[in-house]
Amino acid sequence: MAPSPTGFIHLGNLYGAFVDERLAHQSKGVFMLRIEDTDDKRKVEGAIKAIISSLEYFDLKFDEGASIDGAVGNYGPYFQSNRGEIYQTVAKYLVEVGRAYPCFCTEEELGEIRERQVSVNVNTGYYGKWARDRELSLEDIEKHLKNNISFVIRLKSRGNQEDTFEISDAIRGCLSLPANYQDVVILKANGIPTYHFAHVVDDHLMRITHVVRGEEWLSTLPIHFELFRTLGWELPVYCHTAHLMKIDNGVKRKLSKRKDPELGLEYYMKLGYHPEAVREYLLTILNSNFEEWRNESPDSDIDNFQFTLNKMSNSGALFDLNKLNDISQNVLVKIPVKEIYDFLLRWAKDYKREIVDSLIDYKDAVLKMLSIGRDSDKPRKDLIYCQQIFEHISYFFDDYFKVVDKYPENIEDAEARKLLKAYLETYNHGDDQSQWFDKIRVIATENGYAAKPKEFKKNPQMYKGHVGDVSVVIRIAIVGRSSSPDIWELQQIMGEKKVRERVQSLI
RNA sequence: GGCCCGGUGGUCAAGCGGUUAAGACACGGCCCUUUCACGGCUGUAACACGGGUUCGAGUCCCGUCCGGGUCACCA
């Protein structure tokens with residue numbers, strides 16, 4: 001992987017990193033990190049650390065390359081900013097063999113060339129007869145050099161505008177592309193290479209086998225092709241991935257760093273999505289047969305999935321939060337509660353400090369709350385991400401307990417008080433679940449409610465409602481909401497005192 | 001605008017010249033059920049359009065339309 005340290009890493013990077021990692025490790029290859037810091041204007045402090053730690057959060061670990069404490073591997077340096085001599089040597093060689101040349105044009109001069117090209121309606125750019133310095137004599141070059149005129153090194157392209165060439169892309173298949181004919185800059189005035197040149201030189205020297213990058217690079221592939229050919233080097237396997245998209249006002253567009261918070265990895269960390277869920281989601285949009293595989297091998301380690309490039313989509317996928325949530329539910333239900341608790345606690349320490357103490361003080365209760373309904377063959381799948389998990393159990397904590405839902409429409413406040421009073425009178429904390437519920441049936445019947453919903457459905461006019469309505473009243477008293485997991489279990493976790501207090505407060 | 005890449009239900013997608021055009025998510029209904037989930041059953045819903053080629057086209061070819069990308073001494 002070769003990101004540029006221009007800010008924080010995003011979902012698109014992660015997506016690509018995933019492909020890199022799977023491809024490398026599946027074939028017993030090396031997954032390495034190179035930092036593309038050739039643009040000093042855009043460099044951001046701390047970005048490298050952020051890249052490494054974010055990827056680690058998602059369980060992607062590099063075998064080689066740049067790391068937090070120095071570099072690992074024999075193909076360094078791994079920072080392009082430290083590879084200056086290498087690029088200059090290669091560039092020098094190209095100049096010597098007449099395949100590159102210094103260009104002294106200023107920005108203004110390039111602008112003028114462009115204007116003239118526009119006015120005569122030809123393609124813009126620095127090429128052919130428009131390339132002023134293409135055939136500069138040795139004397140002129142020396143003269144300019146002596147005058148300290150700033151210059152760049154350009155490739156002396158041999159392509160024509162009419163030429164095309166064929167190249168195979170591991171994701172898109174065989175492509176027929178126009179040949180490059182532009183004398184592109186390979187070394188900038190500050191001696192630092194452009195991406196195009198650095199890519200070719202580094203990937204060859206570092207013996208990169210697969211280049212996985214976004215499809216925005218497809219249009220510059222001809223440049224890279226010509227550079228590899230000019231240097232007589234073997235081409236890597238190119239894999240151009242589709243962009244992650246988003247629907248915005250009915251328009252499908254590329255996910256943007258500035259406008260879309262869900263592109264930032266921070267977004268998922270803040271909400272507390274489990275890295276495993278994000279991995280799993282990414283893999284489902286990465287490889288169309290992953291879901292099928294997952295269905296067939298629900299308990300298999302994700303690394304056992306055989307990732308294949310030709311199963312990668314070549315049209316941009318819309319990011320689907322619904323799907324991520326669904327996957328997350330299925331992932332979390334398989335993770336032991338103890339681990340979920342630890343994960344929740346770690347998340348709280350980073351993003352919700354005020355609940356840390358409560359989580360620690362009531363660890364046992366939290367564990368029990370998280371466990372409700374999980375160990376049957378049809379486990380509940382309530383848990384999605386930490387923020388949501390906390391909301392899901394928050395009513396346990398007195399600080400967060402609040403009555404938010406209303407009683408059923410058929411039950412007035414006075415009626416509710418009556419029912420709750422009866423509940424409190426017969427409540428015995430030691431009752432088992434069926435004893436407990438039998439008592440509720442009794443309360444229901446005595447107050448004119450059907451003991452079973454079916455009876456009520458048969459003769460609605462005979463009852464005020466059914467036992468479910470009574471349960472809702474009790475539920476609201478205990479948890480403040482009209483829906484929750486089993487009340488009896490919740491009461492056992494909360495303890496008798498809390499149960500009685502909460503019911504009493506509504507009478 | 002030139003060039004490039006795309007276009008199968010709301011979303012992700014299988015499909016590789018002959019299928020009743022899979023599956024997952026989302027949405028609706030039913031069942032289970034004290035609520036909510038879970039689970040089971042079930043429903044709505046798609047080959048962008050127009051021409052070819054072919055006995056036969058979602059699949060191959062051409063055009064149109066639509067979407068995306070790219071046209072820097074950024075990556």
Side-chain angles (χ1 to χ4, degrees), chain A residues 2-6 36-39 41-42 103 105-107 110 118 121-126 150-154 161 169 172 175-178 182 184-196 198-199 213-222 240 242-243 245 247 251-254 281 284-285 288-292 294-295 311 313-327 329 333 372-374 376-382 392 405 408 437 440-441 444 449 451-454 466-476 479 481-488:
Chain A
S4 53
T6 54
E36 309 225 324
D37 51 353
T38 54
D39 184 12
K41 278 175 234 139
R42 307 204 313 176
C103 165
C105 287
T106 62
E107 228 174 282
L110 291 174
V118 170
N121 209 9
V122 298
N123 289 153
T124 57
Y126 205 81
S150 139
F151 67 94
V152 300
I153 302 293
R154 288 181 182 272
Q161 296 192 47
D169 181 286
R172 286 153 197 273
L175 301 171
S176 175
L177 299 175
Q182 298 265 352
V184 291
V185 172
I186 58 175
L187 234 44
K188 299 185 249 181
N190 58 8
I192 291 175
T194 56
Y195 168 83
H196 311 301
H199 150 55
R213 37 140 86 147
E215 63 182 333
E216 72 270 20
W217 292 108
L218 227 35
S219 52
T220 49
L221 185 52
H240 288 95
H243 287 138
M245 311 292 277
I247 277 278
V251 188
K252 199 171 170 183
R253 48 153 252 254
K254 186 177 164 185
Y281 172 67
T284 66
I285 50 178
S288 55
N289 51 345
F290 175 78
E291 263 189 292
E292 196 188 337
R294 176 49 87 205
N295 272 334
K311 281 289 180 187
S313 168
N314 50 12
S315 62
L318 231 43
F319 184 77
D320 188 351
L321 211 57
N322 265 328
K323 187 82 178 180
L324 171 62
N325 286 341
D326 177 68
I327 286 173
Q329 289 176 306
V333 81
I372 294 177
R374 283 190 122 226
S376 74
D377 337 330
K378 299 180 296 181
R380 295 183 71 96
K381 297 176 179 176
D382 295 314
H392 183 70
D405 285 338
F437 195 65
I440 293 181
R441 285 203 209 275
Y449 296 83
K452 294 189 173 164
K454 275 187 178 157
H466 61 79
V467 66
D469 298 320
V470 178
S471 296
V472 168
V473 171
I474 296 168
R475 174 169 280 111
I476 285 175
V479 303
R481 310 170 184 181
S482 59
S483 63
S484 77
D486 185 70
I487 313 174
W488 182 80

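Numbers restart at 1 for each chain; the letters A, B, ... are given by sequence-line order, proteins then strands. All values below were derived from every heavy atom in this structure, side-chain atoms included, with hydrogens, water molecules and symmetry-related copies excluded. In this text the structure is predicted, and so the values were computed from the model without any measurement.
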Using a 4.0 Å heavy-atom cut-off, does N325(A) contact any base of the nucleic acid, only the sugar-phosphate backbone, or nothing at all? nothing

Give one of base, sugar-phosphate or nothing for P453(A), where a contact means two heavy atoms less than 4.0 Å apart. sugar-phosphate

Between R172(A) and H240(A), does any side-chain donor sit less than 3.5 Å from a side-chain acceptor? no

For [N], take OP1 and OP2 only and decide whether either is under 4.0 Å from a side-chain N or O of [X].
X: S484(A); N: rC36(B); result: no
X: K311(A); N: rC12(B); result: no
X: S288(A); N: rC12(B); result: no
X: S313(A); N: rA13(B); result: yes

Strand partner of [N], provided both Watson-Crick or wobble distances fall under 3.5 Å:
N: rC36(B); result: none
N: rG67(B); result: rC5(B)
N: rC55(B); result: rG18(B)
N: rC27(B); result: rG43(B)

Separation of atom [atom1] in [X] from atom [atom2] in [N], rounded to whole Å:
X: E216(A); N: rC74(B); atom1: CD; atom2: P; value: 17 Å
X: N289(A); N: rG15(B); atom1: CG; atom2: C1'; value: 13 Å
X: D377(A); N: rC38(B); atom1: CG; atom2: P; value: 16 Å
X: H196(A); N: rA75(B); atom1: NE2; atom2: C1'; value: 9 Å

What about the rings of Y281(A) and F290(A), do their centers lie closer together than 6.0 Å? no

Going 5' to 3' through nucleotides 19-32 of chain B, assign each nucleotide B (protein heavy atom under 4.0 Å from a base atom), S (under 4.0 Å only from sugar-phosphate atoms) or - (no protein heavy atom that close). ----BBSS-----S

Which nucleotide, [options], lies nearest any side-chain atom of [X]?
X: H243(A); options: rG68(B), rC38(B), rA37(B); answer: rG68(B)
X: R475(A); options: rA75(B), rU35(B), rG68(B); answer: rU35(B)
X: W217(A); options: rA75(B), rU35(B), rG39(B); answer: rA75(B)
X: V152(A); options: rC73(B), rG69(B), rA14(B); answer: rC73(B)
X: K381(A); options: rU34(B), rC38(B), rA13(B); answer: rC38(B)

Step-by-step side-chain contact (heavy atoms from CB on, under 4.5 Å) determination, E216(A) to H243(A): CA-CA 9 Å; E216(A) 72 270 20; H243(A) 287 138; 2.6 Å; yes

Whole-angstrom distance between rU11(B) and rC36(B), as gauged at atom C1': 26 Å

Distances for protein N or O near nucleotides 3-8 of chain B N or O, under 3.5 Å:
unit_1: rC5(B); atom_1: O2'; unit_2: R172(A); atom_2: NH1; d: 2.4

Using heavy-atom distances to pick each residue's nearest nucleotide on RNA chain B, tell me which of Q182(A) and P193(A) is more 5'. Q182(A)

